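Keep in mind that what you see is a predicted model, and the values were worked out from it rather than measured.
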Amino acid sequence: MNIADQLVHIFCQVDDFCKEIDQYVQQGLLEGPNTKKRGPHQGLSLSEIMTILIMFHHIRFRDFKTYYIAYVTRHYQGEFPNLPSYSRFISIMKQAVFPMALFTWLNAGKQTGIYYIDSSCLPVCHIKRSKRHKTFEDTATYGRTSVAWFFGLKLHIVINDQGELIAFKITQGHRHDGREAFSLLKVLEGLAFGDKGYISKKLFDELMGKGLKLITRKRKNMKAEPLSDYERQLLNQRGIVETVIGHLKHHYQIWHTRHRSILNAMTHLVTALAAYAITPLKISAIRLLTVT
């Protein structure tokens with residue numbers, strides 16, 4: 001699919017979603033006196049804002065300013081005749097963060113019965129500059145990965161065996177993976193696979209009561225539980241969730257330490273997840289099993 005067709009395809013998806021949201025919101029509004037807002041009328045609709053943001057991740061520019069000034073304003077003027085200036089777009093883009101999160105959730109992958117869960121750190125600055133960091137000073141916290149300490153947030157994701165995004169959660173950096181897993185997995189049934197960070201008897205029992213069996217590798221001082229050959233082979237394919245996280249980092253740029261606004265940072269992060277939900281990686285743990 002070329003870029004022009006991709007733009008139309010994404011806009012149609014987003015516009016249909018926004019129309020449904022508008023109808024739902026209008027039904028719940030209270031009737032009252034009509035008060036006109038002061039100031040200029042916003043030229044772009046919410047669906048247009050969301051489309052421009054999603055296309056940024058699909059075209060894969062390295063920074064949004066260059067993408068908007070050098071590409072959107074030159075090549076998309078016909079598709080978006082009311083384009084505002086770059087500074088004006090930055091000031092209005094944050095209104096898309098919650099609709100974008102809902103759009104991502106509605107475009108989640110199929111529930112196949114096989115799931116992989118993992119988390120990734122989201123540093124907001126180099127740890128040596130954490131004491132003087134201002135943008136996320138009330139939100140970011142210190143956390144530790146298997147590699148080193150970091151200062152920032154955490155992204156927790158669940159994918160199915162086909163690499164499609166099922167659920168996600170953004171937390172502070174110090175939050176333990178096992179404590180966040182239940183809220184992500186509680187509505188799923190079948191088999192779920194994670195790393196040693198999800199070892200917890202309480203979590204295992206709670207999920208088993210919901211119809212989901214959580215399988216992880218054991219520590220050296222733990223007694224290994226018997227697994228079927230099928231479960232063992234699926235556990236060996238747990239690397240596909242790390243492949244998805246690596247794809248989000250390097251192609252959708254969820255690792256970004258130059259944000260000046262928390263809302264805009266969350267907008268870019270959720271937009272990256274929405275872009276991935278629309279076009280996930282073509283990968284399958286089951287296919288890997290049949291090949292090997």
Would one find more than 12 heavy atoms of other residues, nucleotides or ligands at under 6.0 Å from atom CZ of R179?
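No, because the 6.0 Å sphere around CZ of R179 holds 12 heavy atoms or fewer from other groups.
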
Please say yes or no: joined through hydrophobic side-chain contacts below 4.5 Å, possibly via intermediate residues, are [X] and [Y] part of one cluster?
X	Y	value
F103	W105	yes
L212	I159	no
I92	F56	yes
F151	I262	yes
Y115	I240	no

Would you indicate whether the side-chain heavy atoms of [Y] and [X] approach each other to under 4.5 Å?
X	Y	answer
F80	T51	yes
L185	I117	yes
P99	I21	no
K202	F182	no
E206	K210	no
L83	I52	yes
Q6	M55	yes
F64	V72	no

Tell me if a side-chain donor or acceptor on [X] pairs with a main-chain N or O of [Y] at a distance below 3.5 Å.
X	Y	answer
Q172	T139	yes
S200	G178	no
T271	I54	no

Which is it for R88 and L44 under the side-chain contact (heavy atoms from CB on, under 4.5 Å) test, yes or no, and what are the steps along the way?
CA-CA 11 Å; R88 173 60 178 165; L44 291 180; over 6 Å; no

As an exercise, state the distance from [atom1] of [X] to [atom2] of [Y], rounded to the nearest 0.5 Å.
X	Y	atom1	atom2	value
W255	L269	CH2	CG	13.5 Å
L234	L191	CG	CG	7.0 Å
F136	C125	CZ	SG	10.0 Å
L273	F168	CG	CZ	5.5 Å
I157	I254	CD1	CD1	7.5 Å
L122	L155	CG	CG	5.5 Å

Y230 and I114: CA distance, side-chain angles, deciding distance, side-chain contact (heavy atoms from CB on, under 4.5 Å) verdict:
CA-CA 11 Å; Y230 179 69; I114 302 173; 3.2 Å; yes

Going by atom types only, do K169 and S183 share a side-chain donor-acceptor pair under 3.5 Å?
yes

Checking side-chain polar atoms at under 3.5 Å, does S119 have a donor or acceptor matched by the opposite partner on D177?
yes

For a quick test of reading the model, state the closest non-hydrogen atom pair linking [X] to [Y] and the distance between them.
X	Y	answer
G194	L214	N-CD1, 4.5 Å
A277	P280	O-CD, 3.7 Å
I166	K110	CD1-O, 3.4 Å
K131	Y142	CE-OH, 3.8 Å
A274	M100	CB-SD, 3.9 Å
L248	Y276	CD2-CB, 3.8 Å

Under 4.0 Å between a side-chain nitrogen and a carboxylate oxygen: does that hold for K154 and E180?
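The answer is no: the pair does not qualify as a salt bridge.
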
If you measure from the Lys or Arg side-chain nitrogens to the Asp or Glu carboxylate oxygens, is any gap between D229 and R232 under 4.0 Å?
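Counted as a salt bridge, because a side-chain N and a carboxylate O are separated by less than 4.0 Å.
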
Partners meeting ring-ring contact (aromatic ring centres under 6.0 Å, His included) with F61 (sequence neighbours left out):
Y67, Y71

After noting the C-alpha distance and the side-chain angles of R217 and R238, does the key distance pass the side-chain contact (heavy atoms from CB on, under 4.5 Å) rule?
CA-CA 10 Å; R217 297 194 183 278; R238 199 195 63 81; 5.8 Å; no

What orientation do Y86 and Y68 show, parallel under 30°, tilted 30 to 60°, or perpendicular over 60°?
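Tilted.
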
Parallel, tilted or perpendicular: rings of Y252 and H58 (30°, 60°):
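Perpendicular, since the angle between the ring planes exceeds 60°.
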
Pair H156-T171, side-chain hydrogen bond (donor to acceptor under 3.5 Å, both in side chains): steps then yes or no:
CA-CA 8 Å; H156 308 260; T171 65; 2.9 Å; yes

Take F17 and N107 through the test side-chain contact (heavy atoms from CB on, under 4.5 Å) and record every step on the way to the result.
CA-CA 10 Å; F17 162 78; N107 283 274; over 6 Å; no

